[in-house]
Number of protein chains: 2
Amino acid sequence: MRRLGRELGVEAMSLYNHVPNKEALLDGMVEVLLAEMEVSVDGKEGWEERVREVFRSFRRLAHAHPDVFVLFAVRPPTTSKVVWLLPAFLDALRGAGWEMRTSLRAFRALSSYTIGYALVEVRGSVPEPARDRTGILGAAEEERIFEMVPILNGADRDAEFEFGLDLIFTGLRAELERG
Amino acid sequence: MRRLGRELGVEAMSLYNHVPNKEALLDGMVEVLLAEMEVSVDGKEGWEERVREVFRSFRRLAHAHPDVFVLFAVRPPTTSKVVWLLPAFLDALRGAGWEMRTSLRAFRALSSYTIGYALVEVRGSVPEPARDRTGILGAAEEERIFEMVPILNGADRDAEFEFGLDLIFTGLRAELERG
DNA sequence: ACCTGAACACCGTTCAAGT
DNA sequence: ACCTGAACACCGTTCAAGT
């Protein structure tokens with residue numbers, strides 16, 4: 001609050017004339033973040049490609065404002081979180097022909113995946129492990145870890161994210177066929 | 001630090017004889033959390049059921065220590081995060097016959113989903129939306145939101161989580177068949 | 001080797017007093 | 001209606017001084 005006050009050329013206490021407290025300020029930032037989400041879905045054919053586009057936009061939001069995105073992920077749910085994300089999803093879903101419970105489960109799966117993926121991404125890459133640090137593991141397992149960390153860090157994130165979406169959509173299509 | 005000191009019957013500054021700073025303390029807590037993860041996989045037949053069990057354990061960890069789990073999700077990656085989770089996964093995967101890149105992508109998909117799902121779960125349920133709050137939406141969309149929030153909150157979390165795992169595993173099995 | 005007092009540079013928030 | 005000074009009850013951290 002004090003720093004924000006300084007930035008605005010005002011004392012910290014003045015802020016309380018405009019905002020109830022710091023928490024409200026943080027939630028407001030998240031709200032602004034979500035309002036910024038732009039989903040351009042109109043050109044897309046078919047529910048699958050439209051839904052993909054919603055979650056791609058969501059991930060782009062995390063890249064654009066990583067710190068606020070962490071707030072989004074961590075702070076308790078608010079109405080605005082639901083109000084921004086859910087209609088965008090349901091809108092993209094038109095034509096899929098699911099009942100509501102299935103739609104909501106699909107939403108939970110896709111949003112959980114996207115939140116988790118973007119969060120891991122935003123935190124940065126895994127540090128090179130120190131040799132002594134891994135003493136808990138057997139020698140073979142230790143070797144495996146050393147081999148994997150660079151591959152983990154060197155991955156093409158966009159392709160990797162799409163791969164995860166592919167998995168989930170394969171599951172959803174199968175679900176749809178079963179009725 | 002001051003509160004922890006009090007809890008230990010000692011002044012806050014004394015802690016700096018044992019720990020470099022607060023950050024290190026938080027990372028240590030995450031490390032203890034991960035060390036606590038118990039995966040009982042030995043009885044399970046087949047890689048799929050074993051891998052499922054790994055991520056179920058992970059989610060159970062979030063329920064047991066929600067605050068530390070949030071730290072896990074938010075703090076930068078450390079060696080110990082990889083060292084605990086990845087070997088457990090790779091171990092469960094034996095017999096699936098994938099190359100490393102595919103294994104790592106499967107790991108990313110499943111861990112992202114589980115982190116995201118557990119995080120949303122841990123934050124608590126969505127508040128009942130206020131009627132005036134949703135003025136941004138059209139009337140029909142507003143009605144849809146009002147209808148959905150109770151369903152969203154009332155869901156059977158265990159079943160919902162498993163449903164998401166189902167989707168991803170369906171995708172992985174398809175991937176496996178294609179080679 | 002470990003603990004402490006004093007000190008520094010911070011926080012968020014309240015409230016009476018000002019314009 | 002909005003801003004401010006003073007004040008309260010906090011933070012994490014350093015460092016010289018103690019045992």
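Any value given below was found using the heavy atoms of this structure, including those in side chains, with hydrogens, waters and symmetry copies removed.
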**Q** Can you tell me the pairing partner of C:dG5 across any strand shown, Watson-Crick or G-U wobble, with both distances under 3.5 angstrom?
**A** D:dC15
**Q** Within this structure, what is the CZ-to-C1' distance between B:Arg2 and C:dC10, rounded to whole angstrom?
**A** 11 Å
**Q** Looking at every strand, decide which applies to A:Met1 at a 4.0 Å heavy-atom threshold: base, sugar-phosphate, or nothing.
**A** sugar-phosphate
**Q** Send over the distance from B:Leu26 CG to D:dC11 C1', rounded to a whole Å.
**A** 14 Å
**Q** Would B:Tyr117 and B:Phe163 count as a ring pair (Phe, Tyr, Trp, His ring centres under 6.0 Å) if you check the C-alpha gap in whole Å, the side-chain angles of each, and the deciding distance to 0.1 Å?
**A** CA-CA 12 Å; B:Tyr117 190 89; B:Phe163 178 80; over 10 Å; no
**Q** Between A:Glu11 (CD) and D:dT4 (C1'), how many Å, whole number?
**A** 7 Å
**Q** Starting the side chain at C-beta, find the nucleotide from C:dG12, C:dA6, D:dC3 nearest to A:Asn17.
**A** D:dC3
**Q** Using atom C1' in both nucleotides, what's the gap between D:dC8 and C:dC11 to the nearest angstrom?
**A** 12 Å
**Q** Tell me whether the side-chain N/O atoms of A:His18 come closer than 4.0 Å to OP1 or OP2 in D:dC3.
**A** yes
**Q** Whether the side chain of A:Thr170 engages the backbone of A:Asp166 through a donor-acceptor N/O pair (distance < 3.5 Å, no angle test) should be reported.
**A** yes
**Q** Rounded to whole Å, please give me the gap between CZ in B:Arg6 and P in D:dA9.
**A** 13 Å
**Q** Any cation-pi pair here, A:Arg59 with A:Phe161, using under 6.0 Å and within 45°?
**A** yes
**Q** Nearest-Å distance, NZ (B:Lys22) to P (D:dC11)?
**A** 9 Å
**Q** Round to a whole Å and report the spacing from CG of B:Leu15 to C1' of D:dT14.
**A** 14 Å
**Q** Round to the nearest Å and state the distance from B:Met13 atom CE to C:dG5 atom C1'.
**A** 6 Å
**Q** Between D:dA9 and C:dC10, how far is it from one P atom to the other, in whole Å?
**A** 22 Å
**Q** It should be established whether A:Ser14 places a side-chain nitrogen or oxygen under 4.0 Å from OP1 or OP2 of nucleotide D:dT4.
**A** yes
**Q** Are the charged groups of B:Glu141 and B:Arg144 less than 4.0 angstrom apart, N to O?
**A** yes
**Q** Please answer whether the main-chain N or O of B:Ala24 pairs with a side-chain N or O of B:Asn21 as donor and acceptor at a distance below 3.5 Å.
**A** yes
**Q** Determine which nucleotide pairs with D:dC10, using a 3.5 Å limit on both distances of a Watson-Crick or G-U wobble pair.
**A** none
**Q** Please give, in whole Å, the distance from C:dA9 P to A:Arg3 CZ?
**A** 17 Å
